[in-house]
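These figures come from a predicted structure and were not determined experimentally.
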Amino acid sequence: MRDNRRALAVLAALVVGYLLVPQLLPDEAAGPKPTSREAEQLGWVGPDEDTAREIAVDLFARVNDERAARGLPSLDWDERLADIAGRWSLEMLVTGTYEHSPEAFREHPAFAGTGENILMMYEGAEDAHVGWMESDGHRASILGPQYTAVGIGVVCRNDGRLWATQVFGVPAQPPPPRQVDAGPDPVVRDDAGPRCPQTRTRATIPGG
């Protein structure tokens, strides 16, 4: 186990259909919880969005490294899920709340269902990833064989702490197979259909 700074406190686990949706909160999370206006006035949201994106991409690579090491297929990055994840990370930071997004917030027509990991107050990609992996529920989401895609949204606070959300997608189920007549009889239409034009007298074809 890592040191106490990485100690985990799993606050809740939600079930979205059959999907586990856990939370993660380190010991340092206790602190002021600003309103949206206060957060804006304090400048808590860091201005460096490129860094936040870089962290999200790094977390994505770590997720697929974990899956590859266990013989699981890699997840695709999905920008739609990343947008949802990023908006929820920001929502948690500026409102001072720490809870999973409503199920309806995560819904997207491209996916039959979603799973979600959240965390707050970590310092970087490695800390965040290790924290998730050391929690049974979060690790189950990262390694879930039912998922095919993920989007990750990170928001950096100006004191170097980050809020992060992973939204995993379950693919929409394909339509059920239809009964198909695989017999050899062709479909006969009433009309003969078009034919190749005859532009010269027929000739004998050798071997024909």
Can you tell me how far apart CD1 (Ile118) and OG (Ser101) are? Round to the nearest 0.5 Å.
8.0 Å

Tell me, please, which residues at least two apart from Phe60 pass ring pair (Phe, Tyr, Trp, His ring centres under 6.0 Å).
Trp77

Output the distance between atom CD1 (Ile84) and atom CD1 (Ile152), rounded to the nearest 0.5 Å.
13.5 Å

I'd like to check the side-chain contact (heavy atoms from CB on, under 4.5 Å) partners of Pro102; sequence neighbours left out, ordered by chain and number.
Trp88, Phe105

Ignoring hydrogens and angles, tell me if any N or O in the side chain of Thr165 forms a donor-acceptor pair with the backbone of Gly153 under 3.5 Å.
no

Gly86 and Val155 have their tightest heavy-atom pair at O-CG2, 4.1 Å

List for me each residue that meets side-chain hydrogen bond (donor to acceptor under 3.5 Å, both in side chains) alongside Arg62, sequence neighbours excluded, and say none if there are none.
Asp58

Answer yes or no: is there a donor N or O on one side and an acceptor on the other, between the side chain of Arg157 and the main chain of Leu93, under 3.5 Å?
no

Between Ser141 and Gln166, is any side-chain donor less than 3.5 angstrom from a side-chain acceptor?
no

For Ile55 and Cys156, work out which heavy atoms get closest and say how close.
CD1-SG, 4.0 Å

CZ-OH distance between Arg161 and Tyr122, expressed to the nearest 0.5 angstrom:
10.0 Å

Can you check whether Leu75's main-chain N or O pairs, donor with acceptor, with Asn64's side chain at less than 3.5 Å?
yes

Taking only residues two or more places apart in sequence, or in another chain, which ones meet Asp83 in a side-chain hydrogen bond (donor to acceptor under 3.5 Å, both in side chains)?
Arg87

Roughly how far, to the nearest 0.5 Å, is the CD1 atom of Ile142 from the CG atom of Leu72?
12.0 Å

Between Phe168 and Val150, is a side chain to side chain contact (heavy atoms under 4.5 Å, CB included) present by the stated rule, with each step listed?
CA-CA 4 Å; Phe168 302 89; Val150 66; 3.6 Å; yes

Taking side-chain hydrogen bond (donor to acceptor under 3.5 Å, both in side chains) as the test, write out the residues that go with Glu66, two or more places apart.
Arg70, His129

Residues Gly151 and Ala85: closest non-hydrogen pair is O-CB, 3.7 Å

Met133 with Met120, same ILVMFWY side-chain cluster at under 4.5 Å
yes

Kindly give the heavy-atom pair with the smallest separation between Ala149 and Asp78, and that separation in Å.
CB-CB, 4.1 Å

What distance separates Leu59 CG from Asn117 CG, expressed to the nearest 0.5 Å?
10.5 Å

Please test Asp50 against Arg53 for salt bridge (Lys or Arg N to Asp or Glu O under 4.0 Å), starting from the C-alpha separation and ending with a verdict.
CA-CA 5 Å; Asp50 289 340; Arg53 177 75 174 193; over 6 Å; no

N/O donor-acceptor pair under 3.5 Å between Arg67 side chain and Pro145 backbone:
no

Nearest non-hydrogen partners of Ala164 and Val154, listed with the distance:
CB-CG2, 4.0 Å

So, for Val167 and Glu116, which heavy atoms are closest and what is the spacing to 0.1 Å?
CG2-OE2, 4.2 Å

Under the side-chain contact (heavy atoms from CB on, under 4.5 Å) test, which residues partner Ala110, sequence neighbours left out?
Arg80, His108

In Å and rounded to the nearest 0.5 Å, what is the CD to CD distance from Glu99 to Glu91?
9.0 Å

